[in-house]
Amino acid sequence: MTDNVVVTPRNEAPPILAVEHLTKTFGSLVANDQVSFSVKQGHVHCLLGENGAGKSTLAKCIYGASRPDAGRIYFKGREVAFSSPRDAIRMGIGMVHQHFVLADPMNAVENIIVGEESTGALLNLQAEKKKIQALCEQYGIVLDLDTPVAQLSVGQQQWVEILKALYVSVDLLLLDEPTAVLTPQEVQSLFSIIGKMVIDGISVILITHKLHEVMNISNEVTILRKGKVVDTVPTRGNTKASLARLLVGRDFDFNVHKEKIDFGPPALEIKGLTVLRDNGSLALQDVSLNVRQGEILGLAGVSGNGQAELFETLVGVRKAEKGKIRFAGVEILKESTHNPEAIASLGLASVPQDRLRQGLIEEFTVQENLILGLQDSPSYSRGVSLNWKAIKSFASQAIQQFEIKTTGPLQPVGQLSGGNLQKVILAREVSKPIKVMVASSPSRGLDIGATYYVYSRFLELLRNGAGILMISEDLDEIFNISDRIAVIYNGRIMGVFDVHEVDRETIGLYMAGLEEHEHS
Amino acid sequence: MFNEFLQADMLISIFASAVRMGTIVLFAALGELIVERSGVLNLSVEGMMLTGALAGFLVGYFSESLWLGVVSAALAGMLISVIFALLAIVFQVDQTVSSLTVNIFAAGLTFFIYRTVFPDVGSQGTPNLVPFSALKIPYLSQIPVLGELLFSHHAMAYIALFMVLIIWFYLYRTKSGLILRTIGENPRAVDMKGISITLYRVSAVLFGGLMAGLAGSVITLGSAGVFVADITAGRGWLAIAIVIFGDWKPGRILWAALFFGFIDALQMQVQALGIKLPFQLFLAMPYIMTVIAVFLGRRRAGAPIALGTPYVRE
């Protein structure tokens with residue numbers, strides 16, 4: 001890590017926040033179990049944990065958005081019990097949520113000042129804008145304050161969220177997974193903003209599951225696992241490996257070990273593909289890509305740059321304006337083949353980004369979800385009726401083979417955890433012979449165990465000669481398992497690189513569409 | 001020469017009458033604008049208007065004070081909107097279902113009350129009152145053309161036009177207005193600041209009820225002078241269409257209301273002239289225009305994102 005922005009720690013500083021034995025349950029789920037930790041004044045304190053470790057719940061309790069069942073919270077030396085976020089804001093606690101909470105058609109100024117207490121009933125947008133401009137200058141934030149926030153980039157929306165907190169002058173700022181959607185350059189800007197905040201005496205709690213971020217920015221780190229605090233340790237003196245051990249609870253090898261596979265001929269060829277969005281604007285412009293047998297092509301990009309439309313076109317639910325997609329020896333954009341059923345029967349499997357909305361039917365059982373789309377196949381049907389016996393035996397087998405944690409084939413799929421949902425989709429998709437897998441953010445929301453399980457299944461597909469197109473915003477994921485990386489920006493492919501011949505910073509620049517500036 | 005003069009005169013009279021007809025739906029549409037901007041889709045404007053129309057008429061009739069009638073209409077509209085607010089916001093029943101409930105209830109209730117108060121309607125003739133007369137503004141109403149167009153209306157019309165300004169000012173120039181607009185787009189952003197979404201939405205619905213009640217009173221006290229069952233004749237629904245056509249903006253809603261008022265006035269004038277076309281066609285005009293308007297306004301660029309979605313905290 002080259003740009004270390006950690007500011008001189010003041011070790012003797014008293015804790016600005018202390019949490020003691022905080023417990024929060026949802027029904028039978030214990031999200032936080034006797035959690036205790038404290039944050040020193042002017043420090044950056046990381047809460048490190050896997051998905052589902054209880055980090056966000058803990059943050060919500062501190063911020064007053066959720067009430068703990070038991071335990072105490074001390075802020076600035078006094079015990080506090082917030083009944084709403086407004087109490088927390090009044091005391092000087094701000095929070096930037098993982099999913100932005102913005103009103104899309106309104107501009108940054110309106111989003112920042114809405115609901116803020118100050119005297120008078122009338123708005124004074126000009127004066128407020130000046131105040132916000134001053135804040136932007138102070139922290140080196142570049143932001144268009146007059147455009148509706150919906151038209152800002154994801155990174156800029158993040159600045160709006162941070163300005164919301166700075167505007168009310170916070171003493172403690174909670175950031176929940178703030179880097180999940182940022183390019184590496186934006187992450188650096190964010191870290192330098194955090195550095196400036198710390199100089200101004202603001203304490204920061206950064207919630208993350210990324211080890212390199214912890215190493216890069218924090219003074220202390222509290223590791224959570226399954227709702228419990230494993231340990232709180234100073235960052236200095238620890239390594240990614242030592243933190244990983246605390247995070248997972250055992251030694252864990254984060255490297256994906258791929259055996260050498262000789263790439264075959266292209267399994268999927270996309271040529272000059274142009275696709276429109278629902279509103280008629282261009283989603284993809286002249287996109288050409290090919291995925292060879294035995295390789296994973298990672299498609300990196302900030303979300304909203306045409307990835308969703310590409311996925312939809314490939315699986316056959318969105319029309320293309322121009323271009324060709326050749327797959328399994330067939331030109332699939334033809335009228336007769338460009339529908340999900342025909343494409344799937346040619347051997348294209350897909351893992352959609354939104355598992356519950358696009359990949360599964362929440363209220364249906366595990367066994368019903370396992371044969372979705374295959375209901376007409378002779379293996380599972382007899383004439384017009386379903387062959388439940390065959391379905392059940394297939395489901396039982398899949399549950400066993402994919403280690404799906406469920407009460408059985410008849411459990412509604414909505415009750416499963418994210419990792420198990422993903423396994424249901426995978427089990428269904430790979431149960432048929434496949435030539436190409438198109439996967440969108442396959443590890444999103446999964447814990448480390450589930451993530452690596454999914455990867456191991458991908459490697460198995462590669463060994464069997466399939467090609468994989470993996471669309472992901474997460475550069476860790478992209479670099480972890482791709483053989484080649486393509487970058488998409490504004491509906492165009494900015495470049496395709498061999499994974500060994502490119503670094504994250506370069507990919508980040510292409511993701512931001514800044515390639516021209518860099519080379520001119 | 002004389003013929004041309006007659007035509008010009010007639011045009012002015014049609015436009016003046018457009019303002020009068022537009023007033024009715026303008027009140028209701030402005031109320032609905034506030035409701036929808038808070039993210040609530042209230043489809044029971046018709047029922048609330050009907051309630052206001054009856055309350056205004058009854059109180060006006062017995063107290064012989066039109067203004068007391070107007071105030072009662074506003075209160076009655078607000079009172080019935082409490083039912084909608086409870087169902088749709090407090091208990092989070094589906095907003096369409098809540099709306100239907102209120103519409104059906106109001107239609108039955110108004111007819112029932114009217115027949116209970118006046119059991120002999122029909123044999124004894126229909127009870128009636130003298131509606132608001134035009135309030136000719138001194139000097140200004142003497143201006144040719146503009147005088148009749150703008151300064152010779154009953155008091156409620158001036159109030160309606162003034163309300164456009166007030167609503168615009170509230171939405172875009174006050175802190176509370178910014179909060180209301182934000183709730184319509186993303187209620188969570190406001191909830192996180194510790195502001196009650198329920199309080200804002202209930203208040204918005206009550207205000208919508210008040211305005212619909214006023215709109216109802218304009219029908220009975222401003223022009224008809226009588227009450228009959230279903231006297232609103234779909235104008236509450238028209239108000240909702242006007243909000244869509246007006247792209248959820250006060251200024252455009254004013255023009256949309258005047259446009260529909262013009263169609264309404266035109267169909268009456270054409271009928272009066274005895275032009276040989278089936279009168280049903282003219283009666284249907286406002287409704288046909290509604291269909292066309294919603295088609296034209298189908299992009300709904302200004303529609304609040306959270307419209308129709310109950311707010312549930314995560």
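Residue numbers start from 1 in every chain, and the chains themselves are labelled A, B, ... in the order their sequence lines are given, proteins ahead of strands. Bear in mind the structure is a predicted one, so any value in this text is a computation, not a measurement.
Of the residues considered (V168(A), N279(A), L125(A), V114(A)), V114(A) shows the highest number of contacts with chain B, using heavy-atom pairs under 4.5 Å. In terms of non-hydrogen atom pairs under 4.5 Å with chain B, the most contact-rich of I89(A), V101(A), I113(A) is V101(A).
For chain A, the nearby part of I305(B) is the side chain; its heavy atoms alone come within less than 4.5 Å. Neither the backbone nor the side chain of Y170(B) comes within contact range of chain A, judged by heavy atoms closer than 4.5 Å.
Taken from CE in M192(B) to CE in M95(A), the straight-line distance is 7.0 Å, to the nearest 0.5 Å. Note that CG of L178(B) is 12.5 Å distant from CG of L122(A), once rounded to the nearest 0.5 Å.
Across R188(B) and H99(A), no two heavy atoms sit closer than the pair NH1-O, 4.3 Å. Between G194(B) and S84(A), the shortest heavy-atom distance links the atoms CA-OG, 3.9 Å. Nearest heavy atoms, T182(B) versus A103(A): CG2-CB, 4.0 Å.
Between the side chain of K193(B) and the backbone N or O of P85(A), no donor-acceptor pair lies under 3.5 Å.
For the pair D104(A)/E185(B), no side-chain contact is recorded, criterion being any heavy-atom separation below 4.5 Å from C-beta on.
Around atom NZ of K249(B), more than 12 heavy atoms belonging to other residues, nucleotides or ligands sit under 6.0 Å away. The number of heavy-atom neighbours closer than 6.0 Å to CH2 of W255(B), taken from other residues, nucleotides and ligands shown, is 12 or below.
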Legend entry - salt bridge (Lys or Arg N to Asp or Glu O under 4.0 Å) assessment of K175(B) paired with E116(A): CA-CA 9 Å; K175(B) 288 177 183 166; E116(A) 286 314 331; over 6 Å; no
